[in-house]
Amino acid sequence: MFGYVRPSLGRLGEEDRQRFAAVYCGLCRTLDRLYGTAARFILNYDFTFLAVLLSPPEAEAALRRPCIAHPLRARDYFPGNEALETAADCSVILAWWQLRDGAADHSGPASVKYRAAGAALSGAYRKARQRRESFDRSCRELLEQLGGMERERCPSMDRPADTFACLLRSIGGEVEDPLRRRVTEELLYHLGRWIYLIDAADDLEEDFASGNYNPLICRFALESGRLTEEARESLVISLDQSVRRMAAAYELWDFGVWSPIIQSTVYEGLFCVGKAVLEGSFQAGGMSWRASGRNKEQL
């Protein structure tokens, strides 16, 4: 999983920070309730943001109690609802397929690590597959397409990014309202494209050293594990374009109490994570991310 999609918590008010944290903790508890303790380890910001996108415009009351990660201090969390369950189901399915592909793409100890993690998640995957057959089918088909592009070392960064974007967009099919479904699918498509490209940039040095496929290496014919200035500028233009398309889609729907969190993510958080990745200073994890980059007026 990735974990790049996060709001600019330092720019949010206290109520919105607590609301986002309650979604994060609610997703963790939903994963545990539906799939067991092992599923908590796939918790990440990306699917927390998905739960926010899918949530009704008014938030329900949060509950408060200690958890396995913080047994001495109670934390607010939202109890399981349709948005959290959808995010939990889809995160399990995508994680399992990624682990499966990771085991196939690696050998030796690395392959063993992926296989062991996949085995630990296999029971949860079978249950999630029954609950979200359409998304599971999309994952299988689109990740197979991605695998084919990797094997042929596709020289385009747009083709594989589009394929992963289509995978994320398929989650939007869970939304009942036709207009909101279109908005959600557009948001998720461009978010998926952004995630794929920023992940490629984050893995660039490691992939160059190992010889693994990376679309940026092939697209820009890189001779080292670093982007040239010209390649960097081209990538930034492509990333910014996806964020702008997300922003345009966001403006078409009223997300209610979740609007500040979504705005903070789209108009600030993604730009700052992207900047950190390209500078080599990005660190995954933690709930204290503070953005200092562009804002809504700078789009």
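Atom set for the values below is all heavy atoms of this structure, side chains included, hydrogens, waters and symmetry mates excluded. Since we're looking at a predicted model, the values are computed, not measured.
Distance check, rounded to the nearest 0.5 Å: CZ of Arg11 to CD of Gln263 gives 13.0 Å. Rounding to the nearest 0.5 Å gives a distance of 10.0 Å between OG of Ser138 and CZ of Arg169. The distance from atom OG1 of Thr30 to atom CG of Leu43, rounded to the nearest 0.5 Å, is 10.0 Å. Atom CG of Asp199 sits about 11.0 Å away from atom CG of Leu204, to the nearest 0.5 Å. Put simply, OG on Ser91 and CG on Leu50 are 8.5 Å apart, with the number rounded to the nearest 0.5 Å. Here OG1 of Thr163 is found 10.5 Å from CG of Asp158. Values are rounded to the nearest 0.5 Å.
The environment of CD in Glu141 is crowded: more than 12 heavy-atom neighbours from other residues, nucleotides or ligands sit within 6.0 Å. Atom CD of Glu279 is surrounded by more than 12 heavy atoms from other residues, nucleotides or ligands within 6.0 Å. The number of heavy-atom neighbours closer than 6.0 Å to CZ of Arg129, taken from other residues, nucleotides and ligands shown, is above 12. Around the CZ atom of Arg29, the shell of radius 6.0 Å holds more than 12 heavy atoms that belong to other residues, nucleotides or ligands.
Between the side chain of Ser264 and the backbone N or O of Ser8, at least one donor-acceptor pair lies under 3.5 Å. The backbone N or O of Ala74 lies less than 3.5 Å from a partner atom in the side chain of Arg64, making a donor-acceptor pair. Judged by distance alone, the side chain of Thr265 and the main-chain N or O of Ile261 form a donor-acceptor pair under 3.5 Å. In this structure, Arg17 contributes its side chain and Leu12 its backbone to a donor-acceptor pair below 3.5 Å. In this structure, the side chain of Trp258 engages the main chain of Pro56 through a donor-acceptor pair within 3.5 Å. Of the possible donor and acceptor atoms, none in the side chain of Arg193 sits under 3.5 Å from a partner among the backbone N and O of Ala161. In this structure, the side chain of Asp202 does not engage the main chain of Val277 through any donor-acceptor pair within 3.5 Å. For Lys127 (side chain) and Leu34 (main-chain N/O), a donor-acceptor pair under 3.5 Å exists by modelled atom type. The backbone N or O of Cys154 sits less than 3.5 Å from a side-chain atom of Tyr213, completing a donor-acceptor pair.
In this structure, Leu252 is a member of the same hydrophobic cluster as Tyr250, with clusters built from ILVMFWY side-chain heavy atoms closer than 4.5 Å. Ile237 and Leu227 are assigned to two separate hydrophobic clusters, defined by single-linkage of ILVMFWY side chains at heavy-atom distances under 4.5 Å. With hydrophobic clusters built from ILVMFWY side chains whose heavy atoms lie under 4.5 angstrom apart, Val257 does not share a cluster with Leu63.
Contact check for Asp240 versus Phe271: side-chain heavy atoms found under the 4.5 Å cut-off. For the pair Leu84/Leu54, no side-chain contact is recorded, criterion being any heavy-atom separation below 4.5 Å from C-beta on. Between Tyr77 and Arg65 there is a side-chain heavy-atom pair separated by less than 4.5 Å. The shortest distance between side-chain heavy atoms of Arg180 and Phe255 falls below 4.5 Å. A 4.5 Å side-chain heavy-atom check between Leu235 and Leu278 finds at least one atom pair inside the cut-off. For the pair Thr86/Arg132, a side-chain contact is recorded, criterion being any heavy-atom separation below 4.5 Å from C-beta on. At a threshold of 4.5 Å between non-hydrogen side-chain atoms, the residues Glu174 and Glu82 do not count as touching. Considering only heavy atoms from C-beta on, Phe49 comes within 4.5 Å of Leu191 through its side chain.
What you find for Pro79 and Ala61 is that their closest heavy atoms are CD-O, 3.8 Å. In plain terms, the two heavy atoms of Val183 and Ala249 that are nearest each other are CG1-O, 3.3 Å. Scanning both residues, Phe208 and Leu222, for their nearest heavy atoms gives CE1-O, 3.7 Å. The shortest non-hydrogen separation linking Leu188 to Gly172 is CD1-N, 3.8 Å. Nearest heavy atom pair, residue Asp76 against residue Ala62, reads CB-CB, 4.4 Å. The shortest non-hydrogen separation linking Pro215 to Tyr196 is CG-CE2, 3.7 Å.
Of the charged side-chain nitrogens involved, none lies within less than 4.0 Å of a carboxylate oxygen, so that Glu186 and Arg182 do not count as a salt-bridged pair. Note on Arg19 versus Asp16: salt bridge recorded, some NZ/NE/NH1/NH2 to OD/OE distance being below 4.0 Å.
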Q: Give the intermediate values and the outcome of salt bridge (Lys or Arg N to Asp or Glu O under 4.0 Å) for residues Glu133 and Arg137.
A: CA-CA 6 Å; Glu133 292 183 0; Arg137 184 166 55 252; 5.2 Å; no
Q: For the pair His190 and Val243, evaluate side chain to side chain contact (heavy atoms under 4.5 Å, CB included) and give the outcome as yes or no after the intermediate values.
A: CA-CA 7 Å; His190 289 286; Val243 177; over 6 Å; no
Q) Does the side-chain hydrogen bond (donor to acceptor under 3.5 Å, both in side chains) test come out yes or no for Thr48 and Arg6, once each step is laid out? A) CA-CA 9 Å; Thr48 302; Arg6 55 185 73 183; over 6 Å; no
Q. Given the rule in the side chain to side chain contact (heavy atoms under 4.5 Å, CB included) test, do Tyr189 and Asp162 qualify, once you have shown the distances and angles that lead to the verdict?
A. CA-CA 8 Å; Tyr189 175 87; Asp162 171 74; 2.4 Å; yes
Q: Determine, stepwise, if the pair Glu60 / Asn81 fulfils side-chain hydrogen bond (donor to acceptor under 3.5 Å, both in side chains).
A: CA-CA 10 Å; Glu60 57 190 316; Asn81 55 31; 2.7 Å; yes
**Q.** From CA spacing to verdict: side chain to side chain contact (heavy atoms under 4.5 Å, CB included), Trp253, Ile262
**A.** CA-CA 11 Å; Trp253 188 261; Ile262 299 171; over 6 Å; no
Q: Could you walk me through whether Ile171 and Phe47 pass side chain to side chain contact (heavy atoms under 4.5 Å, CB included), step by step?
A: CA-CA 11 Å; Ile171 301 175; Phe47 280 90; 4.2 Å; yes
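In this structure, the salt bridge (charged side-chain N to carboxylate O under 4.0 Å, His left out) partners of Glu85, at least two apart in sequence or on a different chain, are Arg33, Arg131.
For residues 219-233, the set of pairs meeting the salt bridge (charged side-chain N to carboxylate O under 4.0 Å, His left out) definition, not counting sequence neighbours, is empty.
Using modelled atom types, one finds no donor on one side chain facing an acceptor on the other under 3.5 Å when comparing Tyr4 with Asn44.
Relative orientation of the Tyr125 and Trp97 rings is perpendicular, given thresholds of 30° and 60° on the angle between their planes.
Each of Leu168, Asp89, Leu167 was evaluated against Phe135; a single residue qualifies, Leu167, per the side-chain contact (heavy atoms from CB on, under 4.5 Å) test.
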